[in-house]
Amino acid sequence: MALRARSTGAKVAWWTLLLVPVGVALTRMYRGMHHPSDVAASFLNGGTCVAIMARAVLDRGLRWGRTKLPVAATART
């Protein structure tokens, strides 16, 4: 995550992606648009969706990395 990012740009991107939703949630609670339970449920839902999609993408990448390309997809010289 943010601690493993090597470049400064990647670190800024990680912190922005983490802090913007928290800031939006706090301001919406302050203005009375949402209750804390709404915010907690949305973070739980969003985190679950990200975990499921990350798992699916990473599993597919690992699966593709271990298999050979079909004959039709290989470059012919």
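Worth saying up front: this structure is predicted, and the values here are computed from it rather than measured.
Closest heavy-atom contact between P21 and T16: CD-O, 4.2 Å.
Rounded to the nearest 0.5 Å, atoms CZ (R28) and CG (D38) are 11.0 Å apart. Taking OG1 of T27 as the start and NE2 of H34 as the end, the distance is 9.0 Å to the nearest 0.5 Å.
In terms of modelled atom types and a separation under 3.5 Å, the side chain of D59 and the main chain of A56 share no donor-acceptor contact.
For the pair V39 and M29, the minimum side-chain heavy-atom distance is below 4.5 Å.
Linking Ile, Leu, Val, Met, Phe, Trp and Tyr residues whenever their side-chain heavy atoms come within less than 4.5 Å leaves V22 and L17 in two separate clusters.
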